[in-house]
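Every chain is numbered from 1 and lettered A, B, ... according to where its sequence line falls, protein lines coming before strand lines.
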Number of protein chains: 2
Amino acid sequence: MDDGLVRSLSMGLSQKGVRDHNERLLLSLLQRHGSLPAPDLARLSHLSPPTISAILRKLESDGLLTRGDPLRGKVGKPSVPMMLDKNGVYSIGIKIGRRSANFLLTDFTGGIRLHRQVTYTHPLPREVFGFVQAGLAAAASDLSHSELARICGIGIAAPFDLWNWHDLTGPNAAEFQSWKNIDFTAEMARFTDLPVFVINDATAGCQAEHLYGRGKQFRDYAYFFVGAFVGGGIVLNNAVYEGRLGNAGALGSLRSVGPSGESRQLVDTASIHTLEARLRQAGHNPITLWNNPQSWTDLADHVTPWLDQTAIELAKASLSTCAVIDFEAIIIDGAFPPVIREELVKKVRRAIETEDTRGLILPVIESGSIGSDARALGAACSPVLSQFMLNNN
Amino acid sequence: MDDGLVRSLSMGLSQKGVRDHNERLLLSLLQRHGSLPAPDLARLSHLSPPTISAILRKLESDGLLTRGDPLRGKVGKPSVPMMLDKNGVYSIGIKIGRRSANFLLTDFTGGIRLHRQVTYTHPLPREVFGFVQAGLAAAASDLSHSELARICGIGIAAPFDLWNWHDLTGPNAAEFQSWKNIDFTAEMARFTDLPVFVINDATAGCQAEHLYGRGKQFRDYAYFFVGAFVGGGIVLNNAVYEGRLGNAGALGSLRSVGPSGESRQLVDTASIHTLEARLRQAGHNPITLWNNPQSWTDLADHVTPWLDQTAIELAKASLSTCAVIDFEAIIIDGAFPPVIREELVKKVRRAIETEDTRGLILPVIESGSIGSDARALGAACSPVLSQFMLNNN
DNA sequence: CATAAATTAATAAAGTTAATTAATAAATTG
DNA sequence: CAATTTATTAATTAACTTTATTAATTTATG
């Protein structure tokens, strides 16, 4: 591809830019549709068959595409479906969370080739970067030399204020606070030359859902990820919108109302940490939530009321987002078992019917399909998107 | 320009599309900066001087641009600033509101060439379209034949649910309700061949502020227009974002909390109609608000508490929007005198400091600069944008 | 004060890229 | 075998870039 300069619409176009655009367009269409023959690509892109033919040949020779088996049964010459070459591009996705960090090596179709995880009570910079470095070493020994060269970058998903919202005291408190002054990109540059992309964790989850999950179905939607702290992402015009400073979809900061009418934020009323608090109060150890999916059903007595509250808050929050953007859908995912997710979605659907919806176009409420891995997987998308795909924003 | 097909990024590009894009880019840059010499255009667009030269000559011969006086005083050959030709394109903007309708004929630089208004207690389709038709006749007699041919379309700004929120009873109630089934575009086609664009009224206001007011300064912002009912608009990437169904920025539907803790919407707590209610209760005739700007200061006893309440609600609403999109700014305008607007903005700035802003990047609060005319003026922008400008969404 | 030098702007000519259209070949089905 | 669809090649066209030239100034110098 090219130097990536001609990406914004507020720039002049020339031939080189045109070809780059069209290559990205075809790759994006194939990413989205999975597999398409040339004539379909021509129709979808409004480009002529010879142009498609030429671009496909080029991308194939670059190792980005493979041709499938000719499709017979229809009249005429059989068409050859083209698809992304799984091994055409690799990417690394890292999630740094409040309870665990993940390291992913993904292929061009979003398949996970390597997965490493570490859990902790709180993340400390030295440990986390050590974990990352070990992951890179593992990836290096896992791939051949030529495969290694196809790693296109590293995406890092993290909350924007990792150092906030943590009642940490004691010897590690100071080191924990040092996150505040850490520049991820600079830190990574100390042991890798790969380009590094930093993205909000929930926005990364949204990106994964958008490329590999239910998100494809919708043009515009808001995505809630219920983790230790709830967060969100935004999709506009079939593309994740990160915002000017990457803080779009900070849905955890949506206003909420506390039990006695005081002003709160969604993060206080619809996060897993509030369930943790409920459990601690009842004498249970909340860590089982993160280690044992079964525990969610075992603890139904505590989980159900938490789900009820969370659903009401998410319903209100969903409508708030729809007043800003007329979203077609709301997608809800989280760091909980799929059964819990489905239950939550059902409760949100019910809760939304009791709200005042004058002047709004109601969104459909859908569940996400990826779960906890979404954030690291989405992080791995950033380098791929920036180098090979069209990003409509 | 061309058929307008190649507008979306999700379409293939070819040469014709490139030239169209670059022409629109230069027109947009000139719209935004007012007047620029060719070398500046080359720098901003990253196109080469010869390309700029060729495009400028073409646009000038089309009557869309004029060259200003050569700029001397610097070393070297003096540069010739280029600017939009005021008389290159005309457009018609119509606002249909709950208290009045406006008809505007604008030139290419947003100047108002003709302005007609009608006021009413409630809009009825027959009367409104009669008013529009009379406006078109007036425009036709005001312009020469060649000028007439330069009218590029009609924009209509209206609330999306004109028929809602109106406690109308009596003989006209049925006719008023008929708005619900009226298709503006079809209705207009009965007496004009010009292309018709329908846009939400507050979003239109936002568009006007964006092109001709303070909006230029910001990349992303939310715009509140406090009219009989409060509404809003959204700007992303330097372009008004109308949304999939044109209902983005439905800020009047943001959740608000009533005096006794019950759930309300912003439209109930921060609109001029709530001030009207206050005045009626105090025995005043609220119609003076719409006819006499002076009345706002005369009625300060009622206006001030309303401003206080409205400011608190707008502050909360502003933060809600910033949780969805990390807006750089909030712009506030309305159908009130400039003094009132400035006072409101100050109060909002103060109110925002008392809110919980964890996880948010605080926007600056600015006042709009156009006032009541914003909606009709913004409506007139739609045809112009669609035919001559770049629209980054 | 006149002239030369330097700078900036605008345009022209030539060359390059990547699209389109038209023509042709290839592979199937019915 | 005829019709149809797919894929490719060849020729043409559009629109850009680069390089070079001319024009209009301001600044410096004798």
Side-chain angles (χ1 to χ4, degrees), chain A residues 1-3 5-6 11-27 30 35-62 65-83, chain B residues 1-3 5-6 9 11-27 35-62 65-83:
Chain A
M1 231 103 296
D2 84 345
D3 59 7
L5 221 164
V6 186
M11 223 171 258
L13 283 171
S14 52
Q15 288 85 338
K16 227 167 148 190
V18 167
R19 172 52 76 100
D20 180 64
H21 173 98
N22 290 340
E23 285 181 6
R24 286 171 182 270
L25 174 57
L26 297 198
L27 288 172
L30 289 173
S35 152
L36 289 171
D40 286 5
L41 286 169
R43 264 187 295 280
L44 287 168
S45 65
H46 296 99
L47 291 171
S48 66
T51 302
I52 300 294
S53 172
I55 295 177
L56 289 181
R57 236 173 315 149
K58 196 256 187 185
L59 292 175
E60 191 184 4
S61 85
D62 287 353
L65 298 182
T66 41
R67 48 187 67 224
D69 295 329
L71 202 70
R72 286 153 222 278
K74 294 174 300 179
V75 174
K77 183 173 175 177
S79 63
V80 177
M82 301 296 294
M83 62 199 78
Chain B
M1 232 103 291
D2 84 346
D3 59 5
L5 220 163
V6 185
L9 267 179
M11 223 172 257
L13 282 172
S14 50
Q15 289 87 336
K16 225 169 146 188
V18 168
R19 174 49 77 101
D20 180 64
H21 172 97
N22 290 341
E23 284 181 7
R24 285 171 182 270
L25 174 57
L26 297 198
L27 288 172
S35 153
L36 289 170
D40 287 5
L41 286 168
R43 264 186 294 280
L44 288 167
S45 65
H46 295 100
L47 291 171
S48 66
T51 301
I52 300 294
S53 172
I55 295 176
L56 289 181
R57 240 172 314 148
K58 196 258 188 185
L59 292 175
E60 192 185 3
S61 85
D62 287 354
L65 298 181
T66 40
R67 48 187 66 223
D69 294 329
L71 200 71
R72 286 155 222 275
K74 293 175 302 179
V75 174
K77 183 174 176 176
S79 62
V80 177
M82 301 295 295
M83 61 199 76

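- Set against C:dT20, C:dA18, D:dT17, the side chain of A:S48 has C:dT20 as its closest nucleotide.
- Remark: B:R57 is in phosphate contact with C:dA12, judged by side-chain N or O atoms under 4.0 Å from OP1 or OP2.
- Between the P atom of D:dC16 and the CG atom of B:L47 lies a distance of 7 Å, rounded to the nearest Å.
- Judged by distance alone, with hydrogens and angles left aside, the side-chain atoms of B:T51 form no donor-acceptor pair with the main-chain N or O of B:L47 at under 3.5 Å.
- We find that CG of B:D20 is positioned 10 Å from P of D:dA15, with the value rounded to whole Å.
- Atom CD1 in A:I52 sits about 8 Å away from atom P in C:dT20, given to the nearest Å.
- Protein atom CG of A:N22 is 13 Å distant from nucleotide atom C1' of C:dT20, rounded to whole Å.
- The residue among A:P50 and A:P70 whose nearest nucleotide of DNA chain C lies closer to the 5′ end is A:P50.
- Applying the salt bridge (charged side-chain N to carboxylate O under 4.0 Å, His left out) test to pairs two or more places apart or on separate chains, those with a residue in residues 37-54 of chain B are B:D40-B:R43.
- Protein atom CD1 of A:I55 is 5 Å distant from nucleotide atom P of C:dA19, rounded to whole Å.
- Summarising the geometry, the separation between CD on A:E23 and P on C:dA18 is reported as 8 Å, rounded to the nearest angstrom.
- Using modelled atom types, no side-chain atom of B:N22 and backbone atom of B:I55 make a donor-acceptor pair closer than 3.5 Å.
- Atom CG in A:L13 sits roughly 13 Å away from atom C1' in C:dA19 (whole-Å rounding).
- Atoms CE and CG, on A:M83 and A:L36 in that order, are 9.5 Å from each other to the nearest 0.5 Å.
- B:S53 places no side-chain N or O within 3.5 Å of a backbone atom of B:P49 that could act as its donor or acceptor partner.
- Applying the 4.0 Å criterion to OP1 and OP2 of D:dC16, one finds that A:S14 has every side-chain N and O outside that range.
- Here the NE2 atom belonging to B:H21 is positioned 9.5 Å from the CG atom belonging to B:L26, to the nearest 0.5 angstrom.
- B:R72 has a side-chain polar atom (N or O) that falls below the 4.0 Å cut-off from OP1 or OP2 of D:dT25.
- For the pair A:R19 CZ and D:dA15 C1', the computed distance is 16 Å after rounding to whole Å.
- The list of salt bridge (charged side-chain N to carboxylate O under 4.0 Å, His left out) pairs with a residue in residues 46-57 of chain A, not counting sequence neighbours, is empty.
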Short heteroatom pairs, N/O only, protein and nucleotides 4-7 of chain D, under 3.5 Å:
unit_1	atom_1	unit_2	atom_2	d
D:dT5	O2	A:K77	N	2.8
D:dT6	O4'	A:K77	O	3.4
D:dA7	OP1	A:V80	N	3.0
D:dA7	O4'	A:K77	NZ	3.4

